[in-house]
Structures are given as C-alpha cells and as structure tokens.
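To keep things clear, I will list the structure first and then write my remarks on it.
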Amino acid sequence: MAWRRIPSPAVAEAYDAQATEKKWQQRWADEGAYQVEAEDLRSAYYVLCMYPYPSGPAHQGHVRNYTLGDLTVRYRTMQGNAVLSPIGFDSFGLPAENAAMAAGAHPRAFTEARIAELTASLRRLGAAYDWRRVVRSHDPEYVRWNQVMFEAFLAAGLAYRASAPVNWCPGCQTVLANEQVLADGTCERSGDLVVKKDLEQWFYRITAYAEELLAGLNDLDWPERVKTMQRNWIGRSEGAEMDLVVEGRPDLRVPVFTTRPDTTFGMTYAVLAPEHPLVGVLTTPRQRPAVAALAEQTAHRSEIERQSTEGSLEKRGAFTGSLVVNPFTGGPVPLYVADYVLMSYGTGAVMAVPAEDQRDWDFAGAHHLPVVRTVQPPEGWEGEAYTGEGRKVNSDWLNGLDVATAKAAAIDWLEERGIGRRQVNYRLRDWLISRQRYWGCPIPVIHCSGCGIVPVPIDELPVLAPDDVELTARGQSPLAVHDGFRRVSCPRCGSPAERETDTMDTFVDSSWYFLRFCDPWATDRPFDPRLVEHWMPVDQYIGGITHAILHLLYARFFTRALADTGFSPPDLREPFERLFTQGMIRLGGQAMSKSRGNVVAPSVYFETVGADALRLFHLAVGPPADDVDWTSQTDEVIEGRARFLARVWRLGTTDGCPPGEAGDPMTASAPRDADPTDADQAVLRASHRLIAKVTDSIDRWSFNTAVAALDEHLNSLYRYVQAGPHRRTLDDAVDTLLLLLAPMAPHITAELWERRRGSDVHAQAWPKADPDLARALTTTLVVQVNGKVRDRVEVDPDIDVAEAERLALASAKVHELLGDALPSRIVARPPRLVNLVTP
RNA sequence: GCCCGGGUGGUGGAAUGGUAGACACGGAGGCCUCAAAAGCCUCUGCCCCUCGGGGCGUGCGGGUUCGACUCCCGCCCCGGGCACCA
C-alpha cells in the first residue's frame, strides 16, 4: 500500500488542550449548561458527589470523585434524563477555625477564599454543575434552617439535653473530640491528662430510629461492606433483661442485660460498671477503699487504655462486699465492680457466666471465682469458655435443650415470674451534637433561670455568631466569653438570661444539604417538599469510604426525622438509593492528604496535558472502588492518556495524518466514496460492538475496561485508515467514538463534534448498538483435548453442536494427537469450545 | 480477637466456569529524519527448542468439574474496619 499525500487544508494542527478546555469551560459557564428545573419533562435523575470540605484547590481525590460524578451526569443526560447535578461546600468546621487562628484571619474570610480556590479547580476540571444551586453550610440562610429544624426536633422530642461524659482537658479548660485525645490519654495540644467529665450536652435521638435504620439497609443498592459497617455500628442484640435481688436488701434490685439468658444457671458472680449509681450503696465499708481506687483509676483512664486487654485483671476489678441472688438457682453470688463493664451499654451491669464467656472466664480465673458449664462442649474440647451450640447441662429444667430453645424457655420463665423480660439492645448511642466551638451553627436556645430552656423564637432566627470575637488557642469557646452574644433577655419572661454558646457538630450540616439542593431558593422553609418529592432520593451518591458510617448514618436518620416532623414527604425514608464508594489515592503507602503534605496537585496536569487527559487517567487506572498508588510511573501513564487524545484529535481532524507542516509524510490513505467493501462493513460492525461494550462497562462502573475498549477501537481505526477507508464509514466510526468518549473527555469531544457536525456533542443521544450489526461474523472455536487447547478454528457464531464436533474432529492437530483413537466423550459448547476427552 | 476486601507478567490491570495476561505504562528492534523530538510498524509471562513447536504458569495445599484466576474446604501473606457491647 502506497501512502498518499493528503493535500491542504487537511494538514493537521496539534491539539491545544489549554485553549480548547478554556473555550468550552467559558461556554458552559456562559450558557448555564446543566441547569435543570423540576418542570423538565425528561425523567428525573439525581447525581451527587459528597460535598467537599473547602481546604483549598482540588486534590487528586477530588479529581477522582468529581470525574466519576461528571461522567455519570453527562452519560445520564445523553441517555435522556433530566439530571440534577448540584455542588456545595461543607464550610463550617474546626480546621478552618484553627487555620484562621494561625493565619490571624476570620474563619469566614479564610473559608470563603478556600471555596473560591476549590470552585476554580472544579471549573477547570470541566465538571458540570447547576451552579445556581450552590449551598454553603455557613451561609446565614442555611444556619437558619438548621436552627429551625433543631427547634422542630426539640418540640418532637428528637432533640434533648442531658449530662454526658466527655473528654475534658483541665489545661485547656475545654471539651476535646475523641480524635484530639492521644493514644496515651493526653491532650494533643497541652499534653495534660484528659479526664472524663460529666457535662450538659445536646443530643439528637438517633436511637429512636435504630430498628428502622437497621432494617432499611436491606433494600439499599450500597456496597455490602458499607452496609455491614452500619449494621455493626447499630449493633442490635437480642436477649433478656432481668432483675437481680441484692442479698439482705430485698428493696434493691440490679437490672442486668444478657444475650444468653439460657446460661443463667452458670452465673457465678455479677459485675457493676464503676460509674453505676448503686456502687455507693452496695459497697461495704471494708471494701470501700478498693472500690473507690478502682473508680478513680477508671475515671482517669483514657477510652483506649480502658478498652485495652493489657494489664492484669486483678487490678481491674474489685469486690463490693455485697451478694446478689441468682434467680435461677436461688443461690447468692458475689457482686464485683470492674472497668470492663461500661455504664453506657445495656444497664451498666452484667451477670457473669465464665463457662460461656471468655472475658468472664479470664476475670473468674484472676479472682478465683467458680466456673459452672451450662452447655456441653463438643467431644475433645480443650478451649476455655465455650460459646457454641450444644445441649444444656447443670441447668435443672433446661437440661437437654439446645441453646436456642433454652433461650426462649428462660425468657418465658422470667416473664411469667415478673422478674425479667425480652429485650433488644443497640450499641448505637444518641448523637452528641454539642461542640464548644466558634465556627459552627449556634444552637438556638436561651437558658432562663425561671423558664428553663427556651427556644429562640423562629422569627428571630438565624442566631449568628458575632464577628468580633477573639480566637485564641486556649480556653473556652469564644462565644462563651462574648457578653454581647451570651447575655440576653428571656424571650418568654423577659428577665436576664444566658444564650446557649455551644454550636452544632458539622455532621448536622451535611445531614440535609442534599435536600436543600432540590430547592435552594426557598425563603419560607428549608425546601419545598414537592420539589424534594420530585428529585429525591439521590439516584447515585458518590464519595469516599471514610464516610461509610457517621455521615451516611446521620443523613439516613435526618431524612427520617425531617419526614416525621413534616419538612419533607412522609414516605421519604432513605436519602441515597445507590452509593458508590471510590478508592483512595495513595502516595508512599499513605493516603494523599494536605495535612500529610504528600499531595501531587492536579493543577500541574491542568497546565500541561489538560483536564481531559487527567480525567481519562483516573478512569483508566483501575476499578474506581480500588485504591490507586501514585508512583514514579504515573506521569508516563497520564502522558499516555494525552497521546490517546492526540490520536483522537488527528483522526477527527485529518483522518489520522500526523501534526506538522504541509508536505510532511502522511501515514494515511485518502478516503474513498465508492461502495463499501467487506472491510468497511467490518468497521461498522466493530463500532456497534464498541457501543455495546462501552455502555455495558459504564453501567457496571467498569470505566477502566470502557477506556480500554476505546483504545482498542482507536488502534483498529488507525489500521483501517491506512488501508484506504470509505469516507462515510470512517466518519460514522469517528462520530461514534466521540459520542462514547464525550462523558469521559468532555472538552476535546465537544470541540471535534462542533468542527465536524456544528452541534453540541453533549446534547446528542447516547448511541444504541444494533444487535444484528453487533454480532460477530465469525468467532474462534477452541478445540481442546483433555482440557488443553490444541487448535483454533474460525466458525460461524451460530453453529450447532454437531457441526462443532465435526469441525473439532476434522482438525489436523487432533488427528496428530489422537491417531485413530476416538474420544470417549465430547463436550461441545458451540461456538466457543469443544473438548475431546480420551479415557 | 472478630468482620470485610485482596494476592494474576517488570508495573497498573483484563478475563461474569470455556483461548489466562485485553488495554495501558515500561522495555527491545525497525521505519521516517542530516540528526533529534514527534509519529508510525513489529515484538515483549517464564523455561526448553531442531524455529515446526513443546512444557510450565493466576499466594500455598486439597476438592468439585470434560474444563477452575473464577466454585467449595483448609492454610499463608497484605490492606482496611470494629474492637472488653454483656
């Protein structure tokens, strides 16, 4: 084949990613692309990426997240949906407060500058959003609706104030988040030993929805591991609660919770949490020093220390001097105090059955307490506590039963006598939302000595934190020492009162932003329930696995609470229909993060290869759920994506001629207009197979294989171009390639489509594969002998079993191997394989 | 300790019980060029070979199957989550 020179003006110009991307980003901004209304007649589809915390320009994790989201938005739009694609900023939070302190700026100014940076990066990535809908959690309107919801929850009993143990740093005179307490139990800032202290705090009653939050998981199209994490977090356990009578004090009862009421005959002692209210009453004078020492030691221990299994159990428990009665045997058993029993779970007291609980076994050993087995361990059992199945023994009227039957019988027995009842317990605790911080949404209540807790009247909302505060590293929240903010008169009685100075956990802000996106313009309520009804639930939610528990659980709770308080439609229970959790970007074995300082900024690539190439890299590098290691090879891989785009550009502008001056040697043959040949028909068929493959890959979130299919197709089109292509066939094939590539590389495809067709590629319908054309003309029949591949034959894809067998037996290779012997069995799976089995 | 993931060439990965290694990066050779860059073409799992081909090969050991990266059982290693929850 002789290369032909293609005359000017087909001389190629090199692809200019900078200019092209800038042009289209400007146009999308000017046109308000991807703005959508509820009135849109197309079917509604809601795509949402977890709104970012604005910490500065986008990092690679953002790029990955928003590339996945943008692909979904553009793909769904081409599929014919009216796609809601909003963006916002999780703009309250401690990091801004700390950074503002260090920089001497106000958190608002600091945060808004970071939002501007992040916004610029998102636009530079070419991500499509309805920018009119931007929500920022520090906006006064957002604060206002947060506070309105708080008051509604308060009225509905879903918000309450209670005393709760918190991490208190005596040096800083403030409450610390768990994350701020170091592993050795000291404050990360002052180095002082952090203590547990009871303080009045605000809670949201998430436990009211424990059962529904658990049951609702079953119907969600979420990653199984995320659902498992939520199930474990909710931690439902079924069992019984029963009252233990104190020996010699028939007026006192110690309620205990157990998941194994069947083992009660084996209860040889009982244990109270050191904070248990009955400890004082039940400790005898002689035992008081030991019990007091234990309580003191527990209070000063960090959570981590206390939960460690290190350290001798003798020193972690003490006898109270009192005895309680085992209700099943009627016999007295000693009552202990131990730090491994937590006041916050169950009743803060347990019955101990060392034979069927390893922790009780260990404690019993350390304190020389008896062990009575109530389940017969299997033959040859050499372990200690036995928690498995078996027949009941040493259990009087339960003897011989299996564990499940005995459980039910034991509970019935307790209920008949009125000393116990069936009980379900949850590990889930109510959500402590109070933060002694400045940069957050103020909790809108006033404390009046006469009236108690009085909500700020709705028409006075929002309560906004004053700007004239001094943010210092030490001491209380600046709000608590700001008299202008704190001192108010009671809205009810008018007497001097104090304003609440705690702010809300920022997870409150992120628990309903997706609802506000449906109607960000509402001024008389947080959102119009009809608009929420139209768009919700989110059809596809995309974000990091780091939010698998807290954010997703809180948002699920909030959605239900808002439905039940009349803000949103009553049947809207689940906010996120489908969830995708993307993998992390790692550098040097660690998650890339600004705080660690191991980031490779996207801006470098925006300025060189462009956003399309970087987006393609993130899609092609591997399954989107997997982590990505950023290595010394990564830049070369990204350049490979830019090379791919340059080839697309050349194919789309000059039928594949290389860039350069007129007169350069061409590698392509000039297209023909004559009737299509078989080779042309093959290209048409390949295009339809490509459509089917890419569509299927995208639907399965297998973007890396979708990109691979496009690579493969482009390579084959280059071979086709050199062999002398057919004008119309080539143009159609290139158009198909551009359509399929458009959601992944939106700029270059928009530019090429405009030049070739004069219209907007993103407004085109997603191509459909013609099943007849997508079917291959021939397929490779593999001939195996005893499972080993010995020959390959090109066959019609529709051949039957008999024909497949005939072709296999006709193979010269098979004759060579088998000689005259006949196979004892032939397994034919036309058109893919025939396996000849010899004895 | 418990619960999830995962282990495939030099590298990232592909293969929904049916040709293991698609595609890409890297590497080798060639074309073009005064030269280079760019571009284009060919090869690239390991071992053996008479260059026809043959053997081995998806962490390890078993099993099911005509056939296993894929399913089952038991281990090893790596990553993550939870961790005294009664």
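Lettering of chains follows the sequences in order, A, B, ..., and the numbering in each one begins at 1.
An anti base is found at B:rG13: its glycosidic angle is more than 90° from 0. Glycosidic torsion of B:rG52 falls within 90° of 0, placing the base in syn.
A:Thr705 and A:Ser697 share a donor-acceptor pair across their side chains, judged by distance under 3.5 Å alone. In summary, the side chains of A:Glu794 and A:Thr778 do present a donor paired with an acceptor at a separation below 3.5 Å, with no hydrogens or angles considered. In this structure, a donor-acceptor pair under 3.5 Å is absent between the side chains of A:Asn425 and A:Ser237. One side chain, A:Glu356 or A:Thr374, offers a donor N or O that lies under 3.5 Å from an acceptor on the other. Counted by atom type alone, A:Asn786 and A:Thr838 present one or more donor-acceptor pairs between their side chains at under 3.5 Å.
Less than 4.0 Å separates RNA chain B from at least one heavy atom of each of the following residues of residues 784-792 of chain A: A:Gln784, A:Lys788, A:Val789, A:Arg790, A:Arg792.
Regarding A:Leu836, its CG atom lies at a distance of 10 Å from the C1' atom of B:rC66, rounded to whole Å. Going from atom NE2 of A:His547 over to atom P of B:rG81 covers 14 Å, rounded to whole Å. Remark: C1' of B:rG81 and CG of A:Leu552 are 15 Å apart, rounded to the nearest angstrom. The distance from atom CD1 of A:Ile549 to atom C1' of B:rG80 is 12 Å, rounded to the nearest whole Å. Rounding to whole angstrom units, CD1 of residue A:Ile638 and P of B:rG26 are separated by 12 Å.
For the pair A:Arg832 and B:rG17, the criterion of a side-chain N or O lying under 4.0 Å from OP1 or OP2 is not met. Of the side-chain N and O atoms in A:Thr705, none sit less than 4.0 angstrom from OP1 or OP2 of B:rC23. For B:rA24, the OP1/OP2 oxygens have a side-chain nitrogen or oxygen of A:Asn715 closer than 4.0 Å. Within the structure, a side-chain polar atom (N or O) of A:Arg427 is placed less than 4.0 Å from OP1 or OP2 of B:rA83. For the OP1/OP2 pair of B:rG67 and a distance below 4.0 Å, the side-chain nitrogens and oxygens of A:Arg825 include no atom meeting the criterion. For B:rA14, the OP1/OP2 oxygens have a side-chain nitrogen or oxygen of A:Asn704 closer than 4.0 Å.
Using a 4.0 Å heavy-atom criterion, one finds that A:Gln633 contacts the bases of the nucleic acid, with or without backbone contacts as well. In this structure, A:Gly235 reaches neither bases nor backbone, as no heavy-atom distance under 4.0 Å exists between it and the strands shown. Residue A:Asn835 is classed as a base contact, given a heavy-atom separation below 4.0 Å to a base.
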Under the salt bridge (Lys or Arg N to Asp or Glu O under 4.0 Å) criterion, do A:Arg806 and A:Asp800 qualify, and how do the steps go? CA-CA 10 Å; A:Arg806 194 188 64 75; A:Asp800 60 12; over 6 Å; no

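One C1' atom belongs to B:rC32, the other to B:rG55, and the distance between them is 41 Å to the nearest Å.
Around CZ of A:Arg586, the count of heavy atoms belonging to other residues, nucleotides or ligands within 6.0 Å exceeds 12.
You'll find the ring centres of A:Phe363 and A:Trp361 outside the 6.0 Å limit.
Below 30°, between 30° and 60°, or above 60°: for A:Trp630 and A:His618 the angle between ring planes is between 30° and 60°, a tilted geometry.
In RNA chain B, consecutive stretches of 3 or more Watson-Crick or G-U wobble pairs with both distances under 3.5 Å are given as paired ranges: B:1-7 with B:76-82, B:10-12 with B:23-25, B:26-31 with B:39-44, B:45-48 with B:53-56, B:59-63 with B:71-75.
Two residues, A:Arg586 and A:Arg700, neighbour RNA chain B, and the one matched to the more 5' nucleotide by heavy-atom proximity is A:Arg700. Toward the 5′ end of RNA chain B lies the nearest nucleotide of A:Thr228, the other residue of the pair A:Thr228 and A:Val637 mapping further downstream.
By the 4.0 Å N-to-carboxylate-O rule, A:Glu211 lies close enough to A:Arg236 to be salt-bridged with it.
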